[in-house]
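For reference, the structure discussed in these notes is given below.
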Amino acid sequence: MQTASALDNVSIVLVRTKTPGNIGAVARSMMNMGLSRLVLVRPPRDPAGDMGKFAAGAEALIANALLCRSLQEALAGHQLVIGTSRRRSRQRKNVRTPRALAEAVVPLLGSNRIAVVFGPEVDGLEKSDLALCQEIVAIPSADAFPSLNLSHAVMVVAYELFVAALGTALAAQGPLADAEDLERFYGHLQGTLERIGFLDRDSYCERDRMMFSLRQLFGRARPEPRDISILRGILTAIDRRAR
């Protein structure tokens with residue numbers, strides 16, 4: 001019972017999935033591992049009913065899936081957002097394996113809702129999608145053939161979460177800041193840094209690179225609501241002095 005209640009706070013978010021059958025296969029993988037919250041961002045049409053065929057008993061997950069027009073809408077109400085990517089980058093510091101991720105986040109599930117975000121089958125999540133994620137999970141695989149099927153990738157992550165939840169006591173830590181509050185903070189931070197001249201609002205590439213690094217920095221800190229209030233209070237004081 002503890003495993004089921006803990007994993008109820010995990011959402012699997014599929015962004016712009018291209019193949020309906022893959023959504024059905026993901027639903028089946030989720031049900032195998034005790035996950036029940038499926039969120040679909042701009043899913044494909046399914047005239048042949050492939051979602052249900054590939055779900056093979058997990059049709060209820062698809063019927064109850066939350067449909068969203070954007071990733072930002074899908075992340076509303078979540079306190080921690082984990083993006084999936086197999087691309088390596090010097091800018092990305094918060095990259096974990098599925099096992100390390102599960103061990104770190106399962107103790108938080110008593111007070112926080114966590115989203116694990118998967119991108120389209122071929123190209124994965126775009127940089128703008130990953131910017132909304134506090135951490136990244138990457139599945140180790142053979143260099144000769146690193147690409148995984150979407151449902152297989154979901155199964156690997158879901159399995160590690162399930163196993164980690166079996167014997168883990170939920171932490172008494174309070175809730176983390178909501179994704180919406182974090183986005184408002186990042187918008188406030190960018191505006192303030194532009195006003196004081198730290199960011200050049202006309203140099204889009206450099207500005208976006210710096211904001212991506214700052215998102216990574218604060219993502220590693222996992223701020224709570226009070227932390228965000230303090231940080232925004234500091235930014236407001238800086239704004240006032242800058243004027």
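As the structure is a computational prediction, the values presented were derived from the model and not from experiment.
- There is a side-chain donor-acceptor pair under 3.5 Å between Arg232 and His188.
- Side chains of Glu194 and Arg207 form a contact here, defined as non-hydrogen atoms less than 4.5 Å apart.
- Tyr159 OH: 12 or fewer foreign heavy atoms inside a 6.0 Å radius.
- Annotation: Gln190, atom CD; neighbour count of heavy atoms from other residues, nucleotides and ligands within 6.0 Å is above 12.
- Taking both residues in full, the closest heavy atoms of Leu235 and Phe185 are given as CD1-CE1, 3.8 Å, listed atom of the first, atom of the second, then distance.
- Between Arg215 and Glu183, at least one side-chain nitrogen of the basic residue sits less than 4.0 Å from a carboxylate oxygen of the acidic one, meeting the salt-bridge criterion.
- Between the CG atom of Asp200 and the CG atom of Leu193 there is a distance of 12.5 Å, given to the nearest 0.5 Å.
- Remark: the backbone N or O of Lys18 is paired with a side-chain donor or acceptor of Glu121 at under 3.5 angstrom.
- To the nearest 0.5 Å, atom CG of residue Leu71 and atom OG of residue Ser128 are 8.5 Å apart.
- Paired with Phe218 under the rule side chain to side chain contact (heavy atoms under 4.5 Å, CB included), one option of Asp227, Leu189, Leu182, Ile228 passes, and it is Leu189.
- Nearest heavy-atom pair, Ala165 versus Val106, reported as atom, atom and distance to 0.1 Å: CA-CG1, 3.7 Å.
- Between the side chain of Glu224 and the backbone N or O of Ala177 there is no donor-acceptor pair closer than 3.5 Å.
- Between Leu14 and Val26, the closest heavy-atom pair is CD1-CG1, 3.9 Å.
- The structure places CD of Glu126 at 12.0 Å from OG of Ser85, a figure rounded to the nearest 0.5 Å.
- To the nearest 0.5 Å, the span separating CG on Leu217 from CD on Gln134 amounts to 13.0 Å.
- Applying salt bridge (Lys or Arg N to Asp or Glu O under 4.0 Å) to Arg96 and the options Glu103, Glu160, Glu135 leaves one that passes, Glu135.
- Separating the CG atom in Leu199 from the CZ atom in Arg209 is a distance of 12.0 Å, to the nearest 0.5 Å.
- Annotation: Arg99, atom CZ; neighbour count of heavy atoms from other residues, nucleotides and ligands within 6.0 Å does not exceed 12.
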Does the side-chain contact (heavy atoms from CB on, under 4.5 Å) test come out yes or no for Ile23 and Phe54, once each step is laid out?
CA-CA 8 Å; Ile23 295 177; Phe54 281 80; over 6 Å; no

### Message
Walk me through whether Arg42 and Val15 qualify under side-chain contact (heavy atoms from CB on, under 4.5 Å).
### Response
CA-CA 7 Å; Arg42 291 167 54 188; Val15 181; over 6 Å; no

Would you check, one step at a time, whether the test side-chain contact (heavy atoms from CB on, under 4.5 Å) holds for Ile12 with Val39? CA-CA 6 Å; Ile12 298 298; Val39 184; over 6 Å; no

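- A donor-acceptor pair is defined here as one N or O able to donate and one able to accept, closer than 3.5 Å; such a pair exists between the side chain of Asn149 and the backbone of Ser151.
- Closest heavy-atom contact between Leu150 and Gly119: CD1-O, 4.1 Å.
- A pairwise comparison of heavy atoms in Ala27 and Ile62 identifies CB-CG1, 3.9 Å as the closest pair.
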Can Leu176 and Leu80 be said to form a side-chain contact (heavy atoms from CB on, under 4.5 Å), step by step?
CA-CA 7 Å; Leu176 303 176; Leu80 184 62; 4.2 Å; yes

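- The backbone N or O of Gly57 sits less than 3.5 Å from a side-chain atom of Glu59, completing a donor-acceptor pair.
- Asp178 places no side-chain N or O within donor-acceptor distance of the main-chain N or O of Asp181, the cut-off being under 3.5 Å.
- Across all their heavy atoms, Pro146 and Ala144 have their closest contact at CD-C, 3.9 Å.
- The backbone N or O of Gln79 lies less than 3.5 Å from no partner atom in the side chain of Asn112, so there is not a single donor-acceptor pair.
- Between atom OG1 of residue Thr192 and atom CZ of residue Arg240 there is a gap of 11.5 Å, rounded to the nearest 0.5 Å.
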Under 3.5 Å, sequence neighbours excluded: what are the donor-acceptor pairs made by side chains of residues 29-38?
| unit_1 | atom_1 | unit_2 | atom_2 | d |
| --- | --- | --- | --- | --- |
| Ser29 | OG | Ala25 | O | 3.2 |
| Arg37 | NE | Ser11 | OG | 3.2 |

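- The existence of a salt bridge linking Asp123 and Arg16 is excluded, since no basic side-chain nitrogen approaches an acidic carboxylate oxygen closer than 4.0 Å.
- Here the side chains of Thr84 and Ile136 are not in contact, with every heavy-atom distance at 4.5 Å or above.
- Counting only N and O atoms by type, the side chains of Asn22 and Thr17 include no donor and acceptor under 3.5 Å apart.
- For the pairing with Leu109, the side chain to side chain contact (heavy atoms under 4.5 Å, CB included) check across Leu7, Asp8, Leu161 returns one residue only, Leu7.
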